[in-house]
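One structure is given here, and the rest of the page talks about it.
As the structure is a computational prediction, the values presented were derived from the model and not from experiment.
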Amino acid sequence: MAEKNCFINENYLNYVKSISPKTNEKRSLFRAFWVGGFICCIGQGFRYLFELYLGLSGDELAAYVSMILIFIGSFLTGLGVYDRIGKYAGGGSIVPITGFANSVVSPSIEYRTEGYIYGVAAKMFTVAGPIIVFGIVGSVLVGLIYYGIYNIF
């Protein structure tokens with residue numbers, strides 16, 4: 001009986017291997033690296049421009065750059081361009097802020113046919129929701145630990 005399961009698993013693995021697309025790992029890594037780096041350079045460029053021409057600094061500067069990158073990621077997702085970037089660059093397109101904007105906008109676009117409440121609003125955070133919850137819970141725990149250490153010493 002155990003030999004039969006092993007044989008079935010081997011046939012299945014061979015089948016999956018035969019239909020899986022072949023990937024060039026070096027090319028995929030290079031594309032991810034340069035596209036992710038380019039997205040970061042765009043953010044850094046906005047940071048320099050806002051600092052130089054608008055005189056922003058600190059948290060205000062970070063907030064404006066974040067808003068611009070979120071807008072660009074959401075806008076490109078809405079146009080369908082970010083999906084093409086993701087196919088080309090793979091993991092390089094998941095730079096934290098633009099990738100997060102994409103993960104919020106994509107499900108809302110996909111479910112828009114179900115209406116604004118049950119489609120867009122309800123499905124908007126299906127991908128990003130667990131990330132938001134984990135971030136909030138993690139920050140509360142770190143804050144409590146910091147508060148406890150700060151008050152003890």
*What about Ile97 and Val81, same hydrophobic cluster or not, with Ile/Leu/Val/Met/Phe/Trp/Tyr joined at side-chain heavy-atom distances under 4.5 Å?*
yes

List the atom pairs, donor and acceptor, that lie under 3.5 Å between side-chain atoms in residues 48-77 and the rest of the protein, sequence neighbours left out.
unit_1, atom_1, unit_2, atom_2, d
Ser66, OG, Ala62, O, 2.8
Ser74, OG, Ile70, O, 2.9
Thr77, OG1, Gly73, O, 2.7
Thr77, OG1, Asn102, OD1, 3.1

Expected list for residues 82-90: side-chain donor-acceptor pairs under 3.5 angstrom, two or more places apart:
unit_1, atom_1, unit_2, atom_2, d
Tyr82, OH, Ser93, O, 2.4
Tyr82, OH, Thr98, OG1, 3.0

*Residues sharing Val105's hydrophobic cluster, by side-chain heavy-atom contacts under 4.5 Å among ILVMFWY, directly or via others?*
Ile109

*List in chain and number order the residues that pass side chain to side chain donor-acceptor pair (under 3.5 Å) with Tyr15, two or more places apart in sequence or in another chain; answer none if no residue qualifies.*
none

*How far apart are the closest heavy atoms of Lys17 and Lys22, and which atoms are they?*
O-NZ, 3.2 Å

Going by atom type alone, with no hydrogens or angles, which donor-acceptor pairs under 3.5 Å involve a side-chain atom of residues 134-148 and a protein atom two or more places apart or on another chain?
unit_1, atom_1, unit_2, atom_2, d
Ser139, OG, Gly135, O, 3.1
Ser139, OG, Ile136, O, 2.8
Tyr147, OH, Asn151, ND2, 3.2

Expected list for residues 33-46: side-chain donor-acceptor pairs under 3.5 angstrom, two or more places apart:
none

